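So the structure is just underneath, and the comments pick up after that.
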Number of protein chains: 2
Amino acid sequence: MSLGHTLLGLLSYAPMTGYELKRVFDQSINHFWNAQMSQIYRELNNMETHGWLRSEIEKQDAKPDKRIYTITEAGNTAFLKWLEKFPAILHEPVRSDFLVRIFFASQLELPDLLYEIKRFLREQQETLSTLGNTDTVIKNYQQMIKAGTDKAFFWQLTLNMGIKHTKTSIEWAEECIKSIEERVKWQNEYKNTSH
Amino acid sequence: MSLGHTLLGLLSYAPMTGYELKRVFDQSINHFWNAQMSQIYRELNNMETHGWLRSEIEKQDAKPDKRIYTITEAGNTAFLKWLEKFPAILHEPVRSDFLVRIFFASQLELPDLLYEIKRFLREQQETLSTLGNTDTVIKNYQQMIKAGTDKAFFWQLTLNMGIKHTKTSIEWAEECIKSIEERVKWQNEYKNTSH
DNA sequence: GAATTCATGTAACTTGTTACATGATTTA
DNA sequence: TAAATCATGTAACAAGTTACATGAATTC
């Protein structure tokens with residue numbers, strides 16, 4: 001129940017609503033974990049029945065009521081226990097729809113493939129420009145959850161990983177485009193000489 | 001239904017049993033997609049009802065019967081349609097349990113954290129030594145499915161991505177270890193001067 | 001006037017994981 | 001003698017996705 005534990009972790013910083021959890025998620029953890037709103041609400045329900053959280057309703061005028069979740073003692077214990085026990089195999093399964101298509105790309109037209117890889121490249125560059133602005137990201141996040149610099153050190157480590165991997169994807173895409181363009185050239189030359 | 005389409009792709013190379021599909025998966029696609037046996041059998045069943053595959057049983061003596069799956073015309077069409085239509089957003093959600101723990105590592109003891117990151121580093125180095133032997137990997141795979149060099153070009157591209165990302169993880173872990181070790185030093189110095 | 005934000009969720013569905021069952025043969 | 005390989009699956013459960021519903025207030 002990794003998502004649940006991640007939510008517990010955030011609630012160990014401060015009590016929050018499901019909606020706020022989603023926002024914090026999207027602005028910090030998002031580059032290495034993600035979750036839909038509906039999934040968050042389900043997890044919160046489960047954990048409340050487990051006794052890891054308790055919730056209070058805060059009335060608001062002109063806006064829907066808020067349900068604010070607070071972590072319990074039991075929740076904290078469960079979180080720490082989870083946090084300390086890293087899985088036996090740290091290497092995580094990757095699932096990339098994109099790479100599956102590259103794998104079978106011999107059945108595609110090279111210009112179409114090039115188009116998609118260029119699109120991929122642009123996307124990664126955009127990601128980099130968001131992640132790359134580390135200081136802003138961390139400051140925003142620090143404000144959002146009112147946490148000290150001791151925490152920021154570790155957030156930085158995860159951001160570093162995100163940035164590095166994004167740069168790697170960019171590098172890959174650039175090399176990829178080059179080698180496919182060469183291939184296109186060869187194919188054209190072959191056409192011209194043999195026909 | 002990405003897994004289904006991946007299986008279709010493999011069956012477009014040659015008819016295979018579920019068991020063989022699993023083996024091919026583990027030795028080629030595994031570094032960017034993975035699947036359990038039980039999931040493969042379920043997908044195959046689904047696709048057979050869809051009419052994308054058909055299967056024949058081959059009796060064997062002293063071994064269980066084989067059910068050999070062959071892709072149909074409809075299956076081929078469905079596969080190509082899927083292959084050509086890349087998703088609107090190519091950037092894929094990452095889910096890393098490991099990074100979640102790093103994110104919350106301010107609640108861990110630094111020596112314990114260091115131990116886990118070193119373990120991560122070793123794992124990635126092992127992965128690299130498997131993936132890095134590209135020629136062997138591709139040759140094995142080529143034999144396994146009896147495919148030509150036109151396909152190998154694209155397999156190579158996916159392998160390149162895997163290798164690059166693994167190297168990046170190694171680099172990250174090394175830097176990470178350095179900066180945590182410095183942090184440990186500071187903490188010890190602080191202890192010695194203030195107490 | 002349409003889209004976005006705030007804030008809650010439910011329901012249906014699809015995927016992914018884990019555990020179990022069978023049973024002979026080969027390798028360590 | 002224990003384990004791994006070959007080869008099939010089923011069942012139960014956990015997690016992720018998509019679509020829908022409500023409804024006021026604000027921004028474009």
Side-chain angles (χ1 to χ4, degrees), chain A residues 1-8 15-27 29-30 32-50 53 55-69 82 87-89 92-97 100 144, chain B residues 1-8 15-27 29-30 32-50 53 55-69 82 87-89 92-97 100 144:
Chain A
M1 207 210 284
S2 243
L3 171 60
H5 288 101
T6 309
L7 297 174
L8 281 181
M16 271 182 271
T17 68
Y19 198 82
E20 284 171 321
L21 281 166
K22 172 63 173 164
R23 249 192 327 142
V24 174
F25 229 93
D26 285 352
Q27 279 171 63
I29 289 173
N30 190 249
F32 53 88
W33 201 276
N34 89 315
Q36 250 67 45
M37 275 270 46
S38 59
Q39 221 186 325
I40 291 177
Y41 283 120
R42 183 170 53 188
E43 271 326 306
L44 288 171
N45 270 334
N46 289 348
M47 291 196 289
E48 199 169 7
T49 16
H50 263 82
L53 307 171
S55 68
E56 276 147 41
I57 288 175
E58 190 188 298
K59 302 238 165 186
Q60 294 188 119
D61 36 275
K63 277 181 194 172
D65 292 356
K66 276 181 176 182
R67 180 181 288 271
I68 300 166
Y69 289 93
W82 172 84
I89 294 161
E92 275 137 355
V94 183
R95 273 172 226 276
S96 169
D97 205 317
V100 172
M144 198 152 48
Chain B
M1 208 208 285
S2 242
L3 172 59
H5 288 101
T6 308
L7 297 174
L8 280 182
M16 272 181 269
T17 69
Y19 198 82
E20 285 171 322
L21 280 167
K22 172 66 173 162
R23 250 194 324 143
V24 174
F25 229 93
D26 285 353
Q27 279 170 66
I29 289 174
N30 190 249
F32 54 90
W33 201 277
N34 90 314
Q36 251 65 47
M37 275 268 48
S38 58
Q39 221 187 325
I40 290 176
Y41 284 121
R42 183 171 52 187
E43 270 327 304
L44 289 172
N45 270 333
N46 290 347
M47 291 196 291
E48 199 169 10
T49 16
H50 264 83
L53 308 170
S55 68
E56 276 147 40
I57 288 174
E58 190 188 298
K59 302 237 166 190
Q60 294 189 118
D61 36 274
K63 277 182 194 172
D65 291 357
K66 276 184 177 181
R67 179 181 290 271
I68 300 167
Y69 289 93
W82 172 85
I89 295 161
E92 274 137 357
V94 183
R95 273 172 228 274
S96 169
D97 207 317
V100 172
M144 197 154 48

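A note on names: the letters A, B, ... follow the listed sequences, proteins ahead of strands, and every chain is numbered from 1. Just so it is clear, the model here is predicted, and its values are computed rather than measured.
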Taken to the nearest whole Å, NZ/K66(B) to C1'/dC6(D) is 9 Å
Do L8(A) and H5(A) touch side chain to side chain, with heavy atoms closer than 4.5 Å?
yes
Can you measure E92(B) atom CD to dT17(D) atom P for me and round it to whole angstrom units?
12 Å
Chain B footprint on DNA chain C, 5' to 3' - any atom under 4.0 Å from a heavy atom:
dT15(C) to dT25(C)
Identify whether any heavy atom of T17(A) sits under 4.0 Å from a base atom; if not, whether one sits that close to sugar-phosphate; answer base, sugar-phosphate or nothing.
sugar-phosphate
Are the side chain of E48(A) and the backbone of S55(A) linked by a donor-acceptor contact shorter than 3.5 Å?
yes
Contact class for R67(B) (heavy atom, under 4.0 Å): base, sugar-phosphate, or nothing?
sugar-phosphate
For the pair made of CG in L3(A) and P in dT17(D), what is the distance, rounded to whole Å?
10 Å
Per nearest nucleotide of DNA chain D, the residue lying toward the 5' end, G18(B) or R95(B), is G18(B)
Rounded off to whole Å, could you give me the CG-to-P distance for the D26(B) and dT5(D) pair?
11 Å
Would you kindly compare R23(A) and Q39(B) by the position of their nearest DNA chain C nucleotide and give the one closer to the 5′ end?
R23(A)
Closer to the 5' end of DNA chain D via nearest nucleotide, is it S38(A) or I68(B)?
I68(B)
Is the backbone N or O of N34(A) less than 3.5 Å from a side-chain atom of R95(B), with the two atoms forming a donor-acceptor pair by type?
yes
dT17(D) phosphate, OP1 or OP2: any side-chain N/O from Q36(A) under 4.0 angstrom?
yes
Short side-chain to backbone donor-acceptor contact, E58(A) and I68(A), under 3.5 Å
no
Between R42(A) and Y69(A), the residue closer to the 5' end of DNA chain C by nearest nucleotide is Y69(A)
What integer distance in Å separates E58(B):CD from dC6(D):C1'?
13 Å
Would you check if the side chain of K22(B) reaches a backbone N or O of T17(B) as a donor-acceptor pair within less than 3.5 Å?
no
Under a 4.5 Å cut-off applied to non-hydrogen side-chain atoms, are Y19(B) and K66(B) in contact?
no
